[in-house]
Amino acid sequence: MSFLRIGPLLLAPLLEAVRSPERGAIATFSGLVRNHHAGSAVQSLSYSAYQPMAEAVFQTIVSEAEAAFPVRIALVHRLGEVPVGEAAVLVVVGSAHRGAAFDALRWVIDAVKGRVPIWKRERYVDGREVWVDPTAPGGIVPLKERL
Amino acid sequence: MSFLRIGPLLLAPLLEAVRSPERGAIATFSGLVRNHHAGSAVQSLSYSAYQPMAEAVFQTIVSEAEAAFPVRIALVHRLGEVPVGEAAVLVVVGSAHRGAAFDALRWVIDAVKGRVPIWKRERYVDGREVWVDPTAPGGIVPLKERL
Amino acid sequence: MTTFRVLLFARYAELLGSEWVEVLLPDDATATELIDALRQLPGGALLPASPFLVMNHTQVSATQRLDSAAELALLPPLAGG
Amino acid sequence: MTTFRVLLFARYAELLGSEWVEVLLPDDATATELIDALRQLPGGALLPASPFLVMNHTQVSATQRLDSAAELALLPPLAGG
């Protein structure tokens, strides 16, 4: 199964994937494209990935989380252009009890942000385009001047 | 707006209620009826409430959470019979960033469980019926013998 | 003396066989006096000595005087969520 | 000498104007030698001195010897989620 998707992400199939009669708690996280970043009005953004490695790392994260917590995980991440307000990532966790579900949810989204080879390019309303780079001053790096 | 509902609960309208272009994180919790409790196979359960007080306490919890965290909250709780696998409570939190969303989500569901005057009666597959009572030994109290 | 009406829920309604009861008490009765009277009613012996009593949706302490015009309710241990 | 092919992504692909590059290096070249060579390429000067290099999806340390048959990739700072 692929974790990377082109086009809008849907929560319902992920909820179904973790639902079972012995699980009493389902926690979800939706990461949506905000209309502001680094002080600028965002028009849209675009995700790219090192796809085979990203798929492998997503699977590793899910396996590690399911070994560390008594939970079942489902997640998807969007690739390509994402308009403001739409989801870039969805994580769903099912568990017998809510404590483990919340702990695993936070762990998984932190791992996704920290370990999966995915990159984000932002287009601002004023026409500028940048790479999002958490290690750069201000968190962004301008695209090269077009020739 | 009423927080108590008869019949199946839907996540989608709650997601819409907290969605906005400046909120990049939506976290949800669904509390589902499990098929086992206190060592017994559950057939169904039934919620009752002190309705006017419950509505007021839900509103207080939402207001307190929205004052304590930079979030927007939506929630509903089901009343009456709920089959195994269906949701008894849904909590949805929208925020600019995920940390506040997770913190508020956990706070709200703990507050709902601890402060809202709602009661739960469980029917087991073997025919027994009990009141759920977290203060009782084993967490349940049998119903009186029927005359 | 004044009639105090008390709403009952869930297991307490089951124990006393009704969703509300009325008891006659002095006008300035306290929460403890009300609860003692409820425990004398048929089925009331299984009520705890210090149940969760609310007046107009707010918890009442044992020594607090009650207002018979307010909405009084006796709440079993909560089990929502 | 062996040809090492390196996949590039996002800003690094933009800097070097390509989604992959090939460089000729000694058979037992280390990660540092590969990165030094990449920084000599047109547009490569803006690459960091110690970028995130992976071989078959696993991070490579600076002194590690590379396998030209493995899949090498240079990863900009991650920004998923």
Side-chain angles (χ1 to χ4, degrees), chain A residues 9-12 14-16 18-38 41-45 72 82-110 112-113 120 122 125 132 139, chain B residues 9-12 14-16 18-38 41-45 72 82-110 112-113 120 122 125 132 139:
Chain A
L9 303 180
L10 297 174
L11 205 50
L14 305 189
L15 292 168
E16 284 314 306
V18 307
R19 185 190 288 277
S20 88
E22 76 276 9
R23 298 198 186 102
I26 296 182
T28 78
F29 172 74
S30 306
L32 312 178
V33 175
R34 289 194 298 145
N35 62 354
H36 275 79
H37 182 241
V42 174
Q43 171 135 327
S44 70
L45 53 74
R72 182 75 190 277
V82 188
V84 166
E86 294 194 10
V89 61
L90 302 178
V91 182
V92 177
V93 180
S95 185
H97 300 288
R98 70 188 188 282
F102 290 144
D103 290 343
L105 181 61
R106 208 182 275 246
W107 188 92
V108 168
I109 187 64
D110 287 348
V112 166
K113 290 187 175 256
K120 182 159 50 176
E122 285 184 338
V125 170
V132 175
Chain B
L9 303 180
L10 297 175
L11 205 50
L14 306 189
L15 291 168
E16 284 314 306
V18 307
R19 184 190 290 276
S20 87
E22 77 275 10
R23 297 196 186 104
I26 296 182
T28 78
F29 172 75
S30 306
L32 312 177
V33 176
R34 288 195 298 144
N35 62 355
H36 275 78
H37 181 241
V42 174
Q43 171 134 328
S44 70
L45 52 75
R72 182 75 190 275
V82 188
V84 166
E86 294 193 11
V89 61
L90 302 178
V91 182
V92 176
V93 180
S95 184
H97 300 287
R98 70 188 189 282
F102 291 144
D103 290 343
L105 181 61
R106 208 182 275 246
W107 188 92
V108 167
I109 188 64
D110 287 349
V112 166
K113 291 189 175 254
K120 180 158 51 174
E122 285 184 337
V125 169
V132 175

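The figures here come from the full heavy-atom set of this structure, side chains too, leaving out hydrogens, waters and symmetry mates. Within every chain, numbering begins at 1; the chains are lettered A, B, ... in the order of the sequence lines, protein sequences first and strands thereafter.
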Checklist outcome for this item: Bottom line for A:His97: the part with an atom under 4.5 Å from chain B's heavy atoms is side chain

Checklist outcome for this item: When the 4.5 angstrom heavy-atom criterion is applied to B:Leu90 and chain A, the contacting part is neither

Checklist entry - Which region of B:Arg19, side chain (C-beta onward) or backbone (N, CA, C, O), has a non-hydrogen atom less than 4.5 Å from a non-hydrogen atom of chain A, or is it both or neither? => result side chain

Next on the checklist: The test is side chain to side chain contact (heavy atoms under 4.5 Å, CB included); show your working for A:Glu16 and A:Val92 and say whether it passes.
Outcome noted: CA-CA 10 Å; A:Glu16 284 314 306; A:Val92 177; over 6 Å; no

Next on the checklist: Set out, in order, the CA-CA distance, both residues' side-chain angles and the distance that settles side chain to side chain contact (heavy atoms under 4.5 Å, CB included) for B:Arg34 and B:Leu45, then state yes or no.
Outcome noted: CA-CA 10 Å; B:Arg34 288 195 298 144; B:Leu45 52 75; over 6 Å; no

Next on the checklist: Can you tell me which portion of B:Ala101 sits under 4.5 Å from chain A's heavy atoms? Options are side chain, backbone, both or neither.
Outcome noted: neither

Item to check | Heavy-atom contact with chain B under 4.5 Å, split by part of A:Val33 | outcome: backbone

Checklist entry - Is there a side-chain contact between B:Val82 and B:Lys120 (heavy atoms, below 4.5 Å)? => result no

Checklist entry - Could you go step by step and tell me if B:Thr28 and B:Leu14 meet the side chain to side chain contact (heavy atoms under 4.5 Å, CB included) rule? => result CA-CA 9 Å; B:Thr28 78; B:Leu14 306 189; over 6 Å; no

Checklist entry - Are the side chains of A:Val93 and A:Phe29 in touch, meaning some heavy atoms are under 4.5 Å apart? => result no

